[in-house]
Amino acid sequence: MNNYRHLAIGGMAAAAAAGAVEQDVPLLVRVLAGNPVTSTIMLSCLNTDDARRLRCLHPAVPAVVAGVPWCDLGTHVVDAARWCACFPAAAGAWLKNRAATDLLASEPAVAALRGVTHLDLRGCAYVSDDVILRLPTSLHLLNVRSCHNLTAAASVAHLPALQLLDASCTAVGDALVASLPATLVELQLMRCRRVTASVTLDHLHALRVLHCIDTELSPAALAGCRERGCVVAAASVLRGHTTRVWSLALLVGGRLASGDDKGTVRLWDAAHGDEAAAVLEGNGGEVQALVALPDGRRLAAGVHSIYDGQAGTIVVWDTGVTPPTRCATIGCSSGVHALAVLRDGRLAVGCENGGVQLVEVGEGAGGVVGTMVGHTNVVRTLAVLPDGMLASGSWDATVRLWDVGARECVATLAGHTGYIHGLAVLPDGRLASGSSDFTVRLWDVATRACAGVLRGHTWSVWVLAALPDGQLASGSGDKTIRVWDTRPSSAGGAGCGTAGVTPVVVLGWHTASVTALRALSDGRLASGGGVGDNTVRLWPLPSLQ
């Protein structure tokens, strides 16, 4: 439908510009131009930019546009008064710098916002405490993220109907939190360094989602929110990496290992501190995969050479001694992108050249014992299924299922339209795959059929992690982690035609792509950030009802 819509609009504009005769105008445009009822129905599917072009179609269109209660937060408004004249029934807008500045000096601009319920001012350099005070009392949603002129004195006491506020990355303080109305349902206060541990949230009885990463709210305040049924996204942050965190693995004793672009692996005591307990260096390239070997003591690092993209190694570390020692280095025929431990203790290795290699990893020795061929591009992710089969996801946009004993592919799962970056096995045996087509697909392995599609990310899905209670975590290039309820009653009812389910919660804040995920034994989720973020974050997770 969208393709036909854009074809029609583009064709109409070209025809009008050239003075073309009727035969040159696409049929769909001619139908719409003579049918105001159909035109009106079409408007419900269009955004403001589309509607501007559609005014050419029929004289009734401008009148219909004026009566539509637009809540368009994707199109910049640079003059609030003119915007209101064009869309008098509009309910929401995204104001850019000039429009925000007008709110201090122009009464018509202030009047234009009366009755508006959704207002996005994010990133506006001229939004100040005084601008906030001139906003309409009708607001339900207000976004002032990254408005750096706000101060610790800012208040929203005059906005009694507010339900969602994003004040992340600003200098707001305790005064703003104290002024929040009891109607508030969602609050985003990430990186608000002037909000202190002395602030209370007890008056926010309706609060259901709280994002407060890198904001110093007290444990008691957060615990009180959780007791009232609020989902709290408040991550601990582990710092030390100086570049992208590619991989995470869980060792015995709750220790967490993280590997980065520069070949460094850090070991963390995630339960008791934010300092790395050990640093394993000299791995020789990007540590794109980490996996704990069956004894829980040895750690295998899959390395993609930064000097020779075709070279790869597996470096095995003994982490049970202090300091940890390198106990084996195994060469592979191609750069290593993924690792998985098979039932018999061998490693499966996803390679740059599209092969899946089988590697023996003995005490102090090891080597490649076979290769399974079928993929035509990088094998980026691997997962072992409950029956011992191996699943591989590739940049050739397919998932393959392998009988490892016979070393042959027994099925190919197709449906993604982009690179496959992540796989995870759900507790009920279904397989999840994440792709650069922005989706997560759920597969019924027994029937080789797609059981559902989860949509919501706005960039590539880089990594997945299955959680024990039927939830699935997905990390994306859109800098968010989404946690989904994947139980069949929620996610699989409509097969692959479904638009997907709403995530239980959307977590932030990484400042770059989410490039690694791992479920921890204490019920939390660990995530690694891409270039520019370079952190490992530990998230408490909501429970399913």
Side-chain angles (χ1 to χ4, degrees), residues 245-260 263-268 270 278 280 283-304 312-320 324-332 334-352 355-363 365-369 372 378-386 388-393 402 404 421-425 462-466 473 475 515-521 525-528 536:
V245 178
W246 268 123
S247 49
L248 296 167
L250 192 62
L251 296 163
V252 292
R255 292 177 300 159
L256 180 68
S258 56
D260 68 22
T264 298
V265 175
R266 291 178 173 265
L267 303 183
W268 312 87
L280 317 181
N283 289 287
E286 299 175 347
V287 181
Q288 296 212 1
L290 286 171
V291 67
L293 296 180
D295 56 22
R297 175 174 54 84
R298 287 178 299 153
L299 176 71
V303 179
H304 182 79
T313 55
I314 298 169
V315 181
V316 182
W317 293 85
D318 184 349
T319 68
T325 60
R326 185 195 305 248
C327 54
T329 301
I330 303 166
C332 297
S334 184
V336 176
H337 288 268
L339 294 174
V341 178
L342 300 171
R343 276 185 170 181
D344 59 10
R346 291 182 297 171
L347 284 180
V349 183
C351 297
E352 174 84 9
V356 178
Q357 295 193 315
L358 305 177
V359 175
E360 293 280 3
V361 188
E363 291 281 353
V368 177
V369 296
M372 300 186 294
V378 173
V379 176
R380 186 66 186 92
T381 179
L382 298 168
V384 178
L385 298 168
M389 278 197 303
L390 178 70
S392 59
W402 304 88
V404 178
H421 297 296
L423 291 175
V425 181
W462 286 104
V463 281
L464 299 174
T515 48
L517 285 176
R518 180 68 58 183
L520 302 182
S521 55
L525 179 71
S527 63
V536 175

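For the single chain, residues carry numbers from 1 onward in sequence order.
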(message) Using the rule side chain to side chain contact (heavy atoms under 4.5 Å, CB included), only one of V265, V316, V291, D318 pairs with L299; which is it?
(response) V265
(request) Return the minimal non-hydrogen interatomic distance between A292 and A249, and the atom names on each side. (result) N-CB, 4.3 Å
(message) Are the side chains of P294 and V341 in contact, using a 4.5 Å heavy-atom criterion?
(response) yes
(message) Counting C-beta onward and ignoring hydrogens, is there a side-chain heavy-atom pair between P386 and V425 closer than 4.5 Å?
(response) yes
(request) Check whether any side-chain heavy atom of L525 lies under 4.5 Å from a side-chain heavy atom of L517, and answer yes or no. (result) yes
(message) Restricting to non-hydrogen atoms, name the atom on L339 and the atom on G302 that form the minimum distance, rounded to 0.1 Å.
(response) CD1-N, 3.5 Å
(request) Taking all heavy atoms of V404 and all of M372, pick out the closest pair and write down the distance. (result) CA-SD, 4.3 Å
(request) Indicate yes or no for a side-chain donor-acceptor contact from T329 to the backbone of V315 under 3.5 Å, with no hydrogens or angles considered. (result) no
(message) Quick check against the 3.5 Å criterion: does S521 have a side-chain atom that pairs as donor or acceptor with the backbone of G254?
(response) no
(request) Test side-chain contact (heavy atoms from CB on, under 4.5 Å) on V379 and C351 and set out the steps. (result) CA-CA 5 Å; V379 176; C351 297; 5.8 Å; no
(request) Would you please test H304 and V336 for side-chain contact (heavy atoms from CB on, under 4.5 Å) and show each step? (result) CA-CA 5 Å; H304 182 79; V336 176; 5.7 Å; no
(message) With side chain to side chain contact (heavy atoms under 4.5 Å, CB included) as the test, pick out the partner of S247 among V287, V463, T515.
(response) V287
(message) Please find the pair of heavy atoms, one from V349 and one from C332, that lie closest to each other, and give the distance.
(response) CG1-SG, 4.4 Å
(message) Quick check: do V361 and R298 have side-chain heavy atoms less than 4.5 Å from each other?
(response) yes
(request) Check whether any side-chain heavy atom of L256 sits under 4.5 Å from a side-chain heavy atom of L267, and report yes or no. (result) no
(request) To the nearest 0.5 angstrom, please state how far the CG atom of L382 sits from the CH2 atom of W402. (result) 10.5 Å
(request) Check whether the side chains of R255 and T319 place a donor and an acceptor atom closer than 3.5 Å, and report yes or no. (result) yes
(message) Can you give me the closest heavy-atom contact between L248 and G528, atom names plus distance?
(response) CD1-N, 4.0 Å
(request) Determine yes or no for a side-chain-to-main-chain donor-acceptor pair under 3.5 angstrom, with N283 supplying the side chain and E286 the backbone. (result) no
(message) What I want to check is whether the side chains of W268 and S258 have a donor and an acceptor closer together than 3.5 Å.
(response) yes
(request) Say whether, by atom type as modelled, one donor and one acceptor occur between the side chain of T313 and the main chain of I330 under 3.5 angstrom. (result) no
(request) Please tell me if the side chains of L293 and L347 come closer than 4.5 Å, counting only heavy atoms from C-beta onward. (result) yes
(message) To check you understand the geometry: which heavy-atom pair defines the closest contact between A257 and L251, and what is its length?
(response) CB-CD1, 4.4 Å
(message) Any heavy-atom pair between the side chains of L390 and V356 that's under 4.5 Å?
(response) yes
(message) Assess the residue pair H421 and T381 against the criterion (side-chain contact (heavy atoms from CB on, under 4.5 Å)); give the C-alpha distance rounded to whole Å, side-chain angles, the decisive distance to 0.1 Å, and a yes or no.
(response) CA-CA 6 Å; H421 297 296; T381 179; 6.0 Å; no
(message) I'd like to check I314 versus V303 (side-chain heavy atoms, cut-off strictly below 4.5 Å). Are they in contact?
(response) no
(request) Decide whether Q288 and H337 meet the rule of one side-chain donor and one side-chain acceptor closer than 3.5 Å. (result) yes
(message) Please check: side-chain N/O of R326 versus main-chain N/O of W317, any donor-acceptor pairing under 3.5 Å?
(response) no
